[in-house]
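Read the structure below first, then the notes.
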Amino acid sequence: MASRFPPHSEVEARLWAVILVGCAGAAAGEIYNALSPRGVFAPVAVSNPATPAALPTFPPTRPSARPHQVKTTPVKPVEDATVRKPAGPPRVVDLAEVRSLVEKKAAAFVDARSALRFASGHIPGAVNIPSTDFEASFARLKAVLRPDWATVVYCESADCDESDLVLEQLVKRGYVKLLHFKAGWQVWEDAGLPQEQGAASP
Amino acid sequence: MTALCRLILSAIFALAALGGLEHPKTFMRSVGDYQLLPPGLVPLAGATLPGVEALAALVLLLAVFRVPETPGRWRAAVEGSELIVTGLLVVYTVGIASALLRGFQLDCGCFDFLGEHLPFYKPSKATWWTVVRDLVMMVPGVWLVSRQRWAGAGDR
């Protein structure tokens with residue numbers, strides 16, 4: 001069937017409609033995303049360290065190791081309110097609190113999403129423990145995640161369950177200062193806050 | 001019956017599109033999880049799909065109120081949209097099935113909008129039940145497409 005425009009038959013008109021509705025919808029989607037601050041083309045503030053560290057360490061300076069730095073960069077102890085009884089569910093923290101913990105380097109961060117999503121962007125300093133690969137990832141990262149440190153776990157959004165699964169496992173392993181950033185990565189990203197990109201370090 | 005099928009498909013695709021429009025980046029990552037497209041094309045697809053879904057859903061919704069019986073541009077647009085939504089359902093179903101066969105565990109990325117706004121709805125992981133659900137959703141689409149005249153219509 002030769003394509004002519006304007007179309008000469010019902011079938012031709014229908015196929016032209018598929019192309020036109022498809023193109024118009026695609027154009028609308030592209031324009032919406034180009035204009036929306038949440039759109040896929042919106043710029044992100046990437047804050048990767050200039051020289052990638054082997055693994056994020058927490059606390060960044062151990063007081064016992066470098067006593068002379070304690071005064072200038074003290075590791076802020078997590079307030080008692082964050083210490084919970086192991087029986088209860090981990091306390092849910094909101095964006096403001098997570099942001100403050102990141103800025104003060106007052107907590108370790110665990111991204112429970114897949115390695116692919118982690119690489120596309122994560123909270124600065126976070127390590128990746130995909131809920132689908134908990135055992136292997138946890139074994140690799142155990143050294144940088146201490147049970148007595150404040151540890152924030154998050155996944156994509158309030159609807160994801162990866163953070164619940166990882167929290168459950170960490171509770172079983174005796175982590176007592178777990179915090180749940182339930183709103184998740186989506187909220188951090190939509191707020192335009194700095195993010196690190198790239199795969200987890202070995 | 002035709003109107004009901006169009007209404008159902010319109011509702012399904014409007015809800016699917018709203019999720020992609022509300023959180024484009026999360027939707028884009030869902031598209032990327034399927035690992036069917038080159039990474040460079042994922043943002044483009046993530047931006048395009050909700051737009052096409054939304055426009056096709058709008059055409060089908062309008063067709064519920066005014067069902068054109070005579071051939072013409074409007075009828076062509078409605079039937080073209082029926083083809084688009086049915087085709088997209090086929091693509092999504094094949095995509096989910098292929099991801100499952102490759103052993104991926106991923107979010108469906110289908111109705112995140114409902115998950116966001118309905119407290120009792122939990123967005124699904126992609127499972128074989130998702131494939132079955134998609135096949136069921138395909139029924140009205142296939143029925144509508146099967147009613148379209150493909151031969152014997154003749155040139156005007």
Side-chain angles (χ1 to χ4, degrees), chain A residues 1-2 4 6-42 44 113-121 130-133 155-162 184-190 195, chain B residues 17 20-33 35 39 42-59 71-84 87 104-107 112 114-116 121-123 125 148-151 153-156:
Chain A
M1 181 183 65
R4 296 153 292 185
H8 289 203
S9 79
E10 204 180 343
V11 172
E12 252 181 69
R14 192 182 302 149
L15 297 179
W16 272 109
V18 169
I19 295 170
L20 289 176
V21 171
C23 288
E30 302 293 330
I31 292 169
Y32 171 81
N33 273 274
L35 297 179
S36 164
R38 292 174 169 186
V40 300
F41 307 124
V44 294
R113 302 174 301 159
S114 67
L116 192 67
R117 291 196 182 209
F118 178 83
S120 76
S131 63
T132 51
D133 182 36
C155 50
E156 180 74 28
S157 70
D159 286 319
C160 61
D161 58 1
E162 287 97 334
W185 173 248
Q186 201 174 61
V187 170
W188 181 274
E189 182 178 55
D190 283 349
Q195 54 177 269
Chain B
L21 295 173
E22 187 175 34
H23 292 294
K25 289 181 175 174
T26 296
F27 178 73
M28 172 187 77
R29 285 189 283 275
S30 294
V31 174
D33 283 347
Q35 297 183 34
V42 169
L44 204 63
T48 301
L49 286 172
V52 176
E53 290 173 346
L55 186 59
L58 181 67
V59 171
R73 282 179 191 162
W74 176 235
R75 189 183 172 85
V78 172
E79 293 186 341
S81 298
E82 291 169 359
L83 280 172
I84 287 176
F104 291 1
Q105 293 183 44
L106 37 77
D107 297 332
D112 291 347
L114 287 179
E116 178 103 10
Y121 182 88
K122 192 89 182 159
K125 297 278 164 189
Q148 297 179 1
R149 280 173 291 180
W150 287 97
D155 281 6
R156 277 186 281 138

Non-hydrogen atoms of [X] and [Y] that approach each other most closely:
X	Y	answer
A/Ala26	B/Val52	N-CG2, 3.5 Å
B/Ile84	A/Val18	CD1-O, 3.5 Å
A/Leu116	B/Asp33	CD2-OD1, 3.8 Å
A/Val40	B/Ala47	CG2-CB, 3.9 Å
B/Gly80	A/Ala17	CA-CB, 4.3 Å
B/Lys25	A/Ala42	NZ-O, 3.7 Å

Roughly how far, to the nearest 0.5 Å, is [atom2] of [Y] from [atom1] of [X]?
X	Y	atom1	atom2	value
A/Asn33	B/Thr48	CG	OG1	8.5 Å
B/Asp107	A/Arg117	CG	CZ	5.0 Å
B/Arg73	A/Trp16	CZ	CH2	13.0 Å
A/Glu189	B/His23	CD	NE2	10.0 Å
A/Glu10	B/Gln148	CD	CD	8.5 Å

Go through the atoms of [X] and report whether side chain, backbone, both or neither lie under 4.5 Å from a heavy atom of chain A.
X	result
B/Thr26	both
B/Leu44	both
B/Pro43	both
B/Leu21	both

State, yes or no, whether a side-chain contact exists between A/Tyr32 and B/Pro24 at a heavy-atom distance under 4.5 Å.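 Side chain of A/Tyr32 against side chain of B/Pro24, heavy atoms only: contact under 4.5 Å found.
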
Assess the residue pair B/Gln105 and A/Thr132 against the criterion (side-chain hydrogen bond (donor to acceptor under 3.5 Å, both in side chains)); give the C-alpha distance rounded to whole Å, side-chain angles, the decisive distance to 0.1 Å, and a yes or no. CA-CA 8 Å; B/Gln105 293 183 44; A/Thr132 51; 5.2 Å; no

Got a sec, which pairs hit salt bridge (charged side-chain N to carboxylate O under 4.0 Å, His left out) with one end in residues 17-34 of chain A, sequence neighbours left out?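 Every candidate salt bridge (charged side-chain N to carboxylate O under 4.0 Å, His left out) pair involving residues 17-34 of chain A fails, so no pair, neighbours aside, qualifies.
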
Heavy-atom distances under 4.5 Å only: say whether A/Val187 touches chain B with side chain, backbone, both or neither.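 Contact with chain B: none, neither part.
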
Checking A/Cys23 against chain B: side chain, backbone, both or neither under 4.5 Å from a heavy atom?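 For A/Cys23, no heavy atom lies under 4.5 Å from chain B.
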
Backbone N or O of B/Glu22 within a donor-acceptor pair of the A/Arg38 side chain at under 3.5 Å?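 Yes; judged by distance alone, with no hydrogens or angles, the pair exists.
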
